[in-house]
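Down below is the structure, laid out as C-alpha cells.
Both backbone and side-chain heavy atoms feed into the values below; hydrogens, waters and symmetry mates do not. Not measured: the values here are computed from a predicted model.
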Amino acid sequence: MPSMTSSDSAQRQSNHNTDVNQLKKLKAEPFARRQKIEQHRKSLPIAAVEKVLLEEVRNNDTLIVVGETGSGKTTQLPQYLNNGGFCRNGGIIGITQPRRVAAITVAKRVAEECGVALGQQVGYAIRFEDVTSRSTRIKYMTDGLLLREALLDSYLSKYSVIIVDEAHERTVHTDVLLGLLKTVQKTRSQGVSDAVNIDHREAKNGMLLEKHNGSEVASILKQCRGKKLSPLKIIIMSASLDARVFSEYFGGARAVHVQGRQYPVDILYTRQPETDYIDATLITIFQIHMEEGPGDVLVFLTGQEEIESVERLVHERLPQLSESKRKLLTFPIFSSLPSEKQMKVFMPAPVGFRKVILATNIAETSVTIPGIKYVIDPGMVKVRTYEASTGIEPLIIIKTSKAQALQRSGRAGREGPGKCYRLYPENEFDKLKDSTTPEIKRCNLSNVILHLKALGIDDIIGFDFIEQPDRIAIIKSMELLFLLGALTEESKLSDPVGQKMARLPLDPIYSKALIIASQFNCLEEMLIVVAMLSVESIFYAPREKLEESRIALKSFASPEGDHLTLLNVYRASEEFLQKSNLVNSKEKAEKNLRKWCKENFINSRSVKHARDIHSQIRRNAEQMGFHVTSCGDDLLPLRRCLAASFFLNAALKQPDGTYRALSSGLTVQIHPSSVLFRMKPDCIIFDELVRTNHNYIRNISRIDYLWLAELAPQCYALQE
DNA sequence: GAGCACTGC
C-alpha cells in the first residue's frame, strides 16, 4: 500500500497554485473516463436512495446511516449533500475517519470523482498534513483532528454538516466527538442568545492564542457575537446492523439502512471446541491448501509471537507434502514489522503458488489485502485493558465479539465468493459478546478529561457519554491531573498550566515536562526527549543479530539513563541528516538516513515519526510563548525536570535488586532493554510500566532521591 | 536477561 511521504504533500500543496494547469488537464481528460466514473457511481447501492437520504437530512437534524461494506456511503453521501445545497453560505461538510489512511484515500477518490484537484473543493486534513484550501467544501479528516479543532472553535462553526464515519468502531475519539457534537448541535440551534454565555470561555482561549494568531481568534469571536450560528446537521454512519445505540443516544434519531455489496461467504464451524487453536490453525491451513481451489488464505492471530511460531510450523510440515503440493508461501504482517516487509503481502503470489497471510488485527480494518478467498479465524484477539487501581495497561488475549467475527469473515468476500473457517463450534459463536467493549471503558482517561475541561465541560462524571466510563477510572485520572497541577482543588482546569497542557498533543505527563523544562532552560532538549518517548520503540534487536545491535546501542548510551540515550540518538540522526543534506537532494538524504538507521539498529519509521512530532510540538511551544533554550552540555537541569514531571513514576532500589514503585507500591524490575539494566542506580524515574512475566519498567533515568521532596512536595516529604 | 494488538492528536 502506498504510504504518504512529506514530499507528496509538499507537491500537492504547490498544486493549489496551479489551477490553470489543472483545468487544462481536466478538460483534456478523456470523456470515456468521466463516463466510467459516473457509471460506477450510479451502480453503487447507495445511489438508489440518494433522494431519500437528502430528504431525511433536510427534515432531521441528526440521521443515522447504516451501511455495510461496499454500499458507497463514505464516498457518495458527502457529494449528494454538496450537490443538494448543504454547502451554501460557505458551510463545510466534514467527514471524520478513525484512521489517517482512510481519510487520505477516500479524499483522493472523491476528488477524482468530482473531477477536481485534491485540496481544492475536496480535501483532507490529518496530523502533520493539511491538504485543504479556502475553496474546500468536502473535508475528510481524522476524528482526533476534529476534536483538536474544537479547542480553537468550540462551535465548529465552519461546518454545516459533520459526518462521523465508522462510528461502530467506538474509538475513544469517536465517543468523545459524539458527546461534543450533541452539545454543539444544541447550542447552535439555540442560536445567538446562548452563545454569549460561552463568549467568556472563548475569550479565555483567545488570550492564549492572541500572541500568534490574534486575527483568527478575533474572527471566531466576531462570528459568535455577530451572527446567528446556522444549525449543525449530524450524520452518524455505522456498519453495524444495530443502529439502536446511536439512535437512542440522539433522542430517537431516524436511521436509514443502505444495502451493502459483498460476495457471499460460507461460514464453517468446528464440531468440537479446539483445545489448541494454533494446532487447529495449522491443520486448517493445510486442509485448505490440499482440498480447496485457488485463492489466498488470511489467518487472524493475536500477535507477533504466534505469527512467527505458525510460520515456523508451516515450514516444518511443508516438506512432508508431495513436491507438487509444496507451492505455499507465508507472509507475516503486524504493525511493528518494518514497512518494506509489510509491503510483501500485497504482491501477487507466483503462478501456481498459494499465499498464506498470517496477520494480527491490522488486517481487520487497517489494511485490505487483495486476493483473499479463505479466512481462518481462531476467534481470539489481544487487547489492551486498563487497571485503574495500578494504572497498568496490560495486554490480554480474549475471545472476539460477534461483530469482530463478522468483520473478519467479510475479508473473504471482497472479490468473489469466499469461505471463513471459524475454529470453534457454532453454539460458541452465539455466546460471544455482540460487540467489542468500547475503548473508553478500557483506557486511561487523563487526556479525555483534559480535553473536555478545555472545551469548558467541567462535570466529567455527569457528561452525557454514549457509554459511561468507569467512575473509578475517571477519579483516578482526575487525581493524576491534579497532582500534575493541571486541575485546581475545585477540579477546574488550572491557568496557565492546565490550559497549556490541554493545547499540547501529548500525554499529560509529557506536556508537564515541557512546561517545567521551559522554566529551567532545557526546553530544547526536553522537546526531543518527549518526541522520542511519544513514538513506538526506537531500537530493534533482531534475534539473529542481538550482539551487533547491542554494540550499536552502546555508542549512544548515556550512564544517566534511557532519556539521555534517546536524546543522543536523535541528535546523532539530525547531525547525520544535516551533513547528508549538504551534498545530496532531500530525497537522497532521507534515504541515507534510513540506511544509517538500519546500520545502527534503529527503527527509521520511529525516528521519522519523532521528527514530525518534534517539529509540531516545537511550533506549539513557540506559539504558547515558551522560550526554546538549551542547557548546553550540562544535562543536570534536564534530569531534574524529568524528576519534576515523572515524580509519580519514581522507584527505589531494594536490597534484592528489584525496585519499589513509590506511588503504587508495586515491586518492579528494570526492563533488560534499558541502558541502566546492569547499573541499577538507587533512585530512578521511569516512563512506562508494562506487565509481562514481571512488572517491567521501561525508559528509565537516574535521579537524586532528594529531588523528589524538593520538586514534588505535593507527593513526597523528607522523612526524619 | 525480554519479547507489545491497533489507532490517534
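Under a cutoff of 6.0 Å and an axis angle of 45°, A:K554 and A:F556 do not form a cation-pi pair.
Counting atom types as modelled, A:R100 pairs no side-chain N or O with a base atom of B:dC9 as donor and acceptor under 3.5 Å. Taking only distance into account, the side chain of A:R678 meets the base of B:dG1 through a donor-acceptor pair shorter than 3.5 Å.
Sorted by residue number, the members of residues 547-554 of chain A with any non-hydrogen atom under 4.0 Å from DNA chain B read A:R550.
B:dG1 atom P lies 16 Å from atom CD1 of A:I697, rounded to whole Å. The distance from atom CG of A:N699 to atom C1' of B:dC4 is 14 Å, rounded to the nearest whole Å. Counting to the nearest Å, the P atom of B:dC9 and the CZ atom of A:R618 are 22 Å from each other. Per the geometry, CG belonging to A:N603 stands 17 Å off P belonging to B:dC4, to the nearest Å. Atom CD in A:Q407 sits roughly 16 Å away from atom P in B:dC6 (whole-Å rounding). Between the NE2 atom of A:H694 and the P atom of B:dC4 there is a distance of 12 Å, rounded to whole Å. If you take CZ of A:R408 and P of B:dC6, they are 12 Å apart, rounded to a whole angstrom.
Positionally, the nearest nucleotide of DNA chain B for A:I333 lies more toward the 5' end than for the other of A:P505 and A:I333. Closest-nucleotide positions on DNA chain B for A:G303 and A:I613 were compared, and the one nearer the 5' end corresponds to A:G303.
Within the nucleic acid shown, A:R148 comes within 4.0 Å of at least one base atom, counting heavy atoms only. Residue-level contact check: A:T171 touches neither bases nor backbone, having no heavy atom under 4.0 Å from any strand. Among the protein residues, A:D143 comes within range of no part of the nucleic acid, since none of its heavy atoms lies under 4.0 Å from any strand.
Atom CD1 of A:I466 and atom CG of A:L177 lie 11.5 Å apart (nearest 0.5 Å).
Checking B:dT7, B:dC9, B:dG3 against every side-chain atom of A:L145, the shortest atom distance belongs to B:dC9.
A search for side chain to side chain contact (heavy atoms under 4.5 Å, CB included) contacts involving A:T105 returns nothing, not counting sequence neighbours.
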